Every structure is written in structure tokens, then in C-alpha cells.
Amino acid sequence: MALNGNPAYWSNAIQNADITEFERVFEQYTAEDGRGVLVLDTQRNVLRINSAGRDLLAFTKRVPAPLGDVIRDVEVGFALGDAVHDRRTSERESFLTDPDRVLRITIIPVRTGAGIVDRVLMTVEDVTRLRHLETVRRDFVANVSHELRTPLASINLLVETLQSAGATEDESRHFLRRIAVETQAMNQLVEELLQLSRMESGRLSLNLEAAPIREIMETVRNRLVMIADEKDLRLTTDAQMGIPPVMVDIAAIEQVLMNLTHNAIKFTPAGGTVTLRARLKHPGVEVDVLDTGIGMDSSEVTRIFERFYKVDKGRNRDGSSGLGLAISRHLLDLQGSRLNVVSEAGRGSRFTFGLPLASS
Ligand code: ADP
């Protein structure tokens, strides 16, 4: 006879039963309800509390006990007073610490047969995760808007300049090229967002096959070597001799290595070296992307896998979105691997992940 559903249901059920009867079978009523449930008198004494309530409120002492001892949030006491006075169900959210959590507390005044409110039922739900998800979603929308606003503003400006007469042919060509660059940046952002969304909704299926890691590394090197040359960087591959084929989704691993190597090139000053390395490491192959670049300090390292995170937003204004590492980690997660990083400010970074052998 668990009571589930909304507050109105609770209060009806209790009114139809008898409050004394309800209190007698309290545990039975609330056992199957995930929520914490408390019965109080109107003097703010907690008369009963179910085990879910004890867990959520971290309350271990005996009842009856004053409400202030059970929930350390005076506002709840005030809300209870108001609810009793107005004879109305009310709701509030409480932020409790140690551990940090957000609890939704519903206060339901219960009338006895004579019409006097003499008991209060309180339900407690943990909405920490819900609130967290809402924050994540809000931040996400804010970040996407922000990332799109910059290229859009540039394009607007460039178009206005082109429209106003006076630009020479050369200048016009230059502006058009810049418009193309900005459009390309927006395109990439949208592609990355779609890919993240496909991965998160489980719609991205991997195509695992046996592949030589050395070749994948060479493909990546060939695609990026010109950019490295332009920056006067040495881009090398170093695969241990005789490594057997690995079991991977080739396109996914190429993308991960492209992201990591491109970052390494971006964040390494001229004269430095970027190395793609593969070593046998039981039970599989360990792949590293090493650079001798600017590195990061430990507070930065803990955050770089977050979406949209860029260490110094001012530093790289090259259309990068801060999604590359989030996507790379996700792609490796899907293959049961993990992307890790060791970095030191001023000395360089090493990104590492493991891959299984095709034969094992
Ligand atoms: P972005 O598109 O900005 O490169 P990423 O998710 O790939 O986004 O990287 C997030 C941030 O992590 C980068 O903006 C940069 O500040 C930092 N980062 C990534 N790789 C390196 C590296 N090899 N050396 C130093 N910093 C790096």
C-alpha cells in the first residue's frame, strides 16, 4: 500500500484514512516510496521519519526531535509555519552541505476530521542531479551561442564593409576569404556538436576492425605535416617495430589522433617537436602524442576534457571551439579506452591512450 504520486494524493490518502492509523502503519506506507517522508506536529516536532528520509537528511538520532535538528535550514521551519497557517501545500528547495545536495521539500498540512490542521507531512526528494543537468544544459546553450556569435559578428562586419562602396578588388577578395574562414569555423562547430549528440544518444556505432597502428599514425602525420612545417616544427612518428594490429574503429582513432596532434602543433612554439608514438604495453598498445610546447598547469589539466573549455580564451582565436578533447575522450570511451594527459607548464604535454590488440 505504498503511497506514490503527487502531494494531493498523499493528503487525500491520509485524510481518507485516519491520521493515527496512518502513523501506525507509517513505515508500511512509505517503504516503497523512494522519497523521504516525515510526519510532524504543528509545533515543528518530527514525530516520524522513514529510512529514505534519514538517508537523505543524514539524520541518525531518535524521533521525536525538533525540525531544526533534522533539517538544518531555518527556511523550512518558516515554510512549515506558513503552510499550516494557510492550510496549503507548499514546496521549497533546500541546499544542504556535507555532502552538497539539493533537496525538494514538499510540506502538506494534514487536517483531521474536525478540520483542524494538527499534523504536517513532509516529503523529501533529492533533486541534485536534476539541478545539475539543468545547469549543464543552460551552460551548453550559452556556450554554443557564444561560439557562434563571434564568427557571425565578423561575417556581418565583413559583409557591411563589402557592401559599402570603396573596397578595391584585392580588398574584396581578402574580405571574401575571411568570410569563408569564419563560415568554415561555424561549420566545424556544428559538425562537432552533431557528433557529440550522436555519441551521447548512442547513435554512433563503431566499426571495429584489425588495423596497423603505424599506418594510422602515418596518415595523420601526412595530413598535418604541412601545418607543422609552416610553424617550423618537427612532426615525427615512432612506432615500435613488430607491433601486431590493433582492434579499432579506424576513422575514430584517426580523428582522435588528428585532434591531439593538431593541438600539439597549435600549442608548441617554433623549433619544437611533436611525436606520435606507439609501444606494446601489456595487454595492448599504448599510443602517445607528445609535444615540447607550452604545456598546462595542473588546474588546467583537470578541466581540458570539459566541453568548450579553452585554457586561455584569448590565446587561441583560431576558430577552435574547445570541443576537440571532449569528443576525443568520448570516442575512446566508446572503444573501452581512456584518454589521459600529463603536462607541465612550459615543458610540454603527453596525451596517452591504450588500444587492444586484434589477436587478443
Ligand atoms: P580546442 O578546439 O580549443 O583545441 P580542445 O578540446 O582540443 O579544444 O582543447 C581544449 C584546450 O586544452 C585547448 O584550448 C588548450 O588550451 C588546451 N590544450 C589541448 N591540447 C594542448 C597541448 N598539447 N598543449 C597545451 N594545451 C593544450
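Since we're looking at a predicted model, the values are computed, not measured. Read the numbers this way: they start at 1 and go in the same order the structure lists the ligands and their atoms. Numbers here are sequence positions counted from 1.
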For ligand 1, the portion of L260 having any non-hydrogen atom under 4.0 Å away: neither
Least distance between heavy atoms, A211 atom then I216 atom: CB-CD1, 4.2 Å
Per-atom contacts of ligand 1 with K310, taking only distances under 4.0 Å to non-hydrogen atoms: 3 (O), 14 (O)
Ligand 1 contacted by N259 (non-hydrogen, < 4.0 Å): no
Those atoms of ligand 1 less than 4.0 Å from some heavy atom in F351: 20 (N), 23 (N)
Beyond-backbone contact of L57 with L38, side-chain heavy atoms, under 4.5 angstrom: yes
Which segment of Y309 sits under 4.0 Å of ligand 1 when only heavy atoms are counted: backbone
Option with minimal heavy-atom separation from atom 22 (C) of ligand 1, where the choices are F267, F305, F308: F267
R277 side-chain N/O to D288 backbone N/O, donor-acceptor pair under 3.5 Å: no
Residue portion contacting ligand 1 (non-hydrogen atoms closer than 4.0 Å) for K266: side chain
Sub-4.0 Å heavy-atom contact, R307 with ligand 1: no
H330/E200 under side chain to side chain contact (heavy atoms under 4.5 Å, CB included): CA gap, chis, key distance, verdict: CA-CA 9 Å; H330 221 112; E200 285 177 353; 3.5 Å; yes
Test: R119 and D41 ion pair at under 4.0 Å: no
Per-atom contacts, ligand 1 versus G322 - under 4.0 Å to a heavy atom: 1 (P), 2 (O), 3 (O), 6 (O), 8 (O)
Salt bridge present between E147 and R307 (N-O < 4.0 angstrom): no
Within-cut-off N or O pair, I294 and ligand 1, under 3.5 Å: no
Lys/Arg N to Asp/Glu carboxylate O, E134 vs R137, below 4.0 Å: no
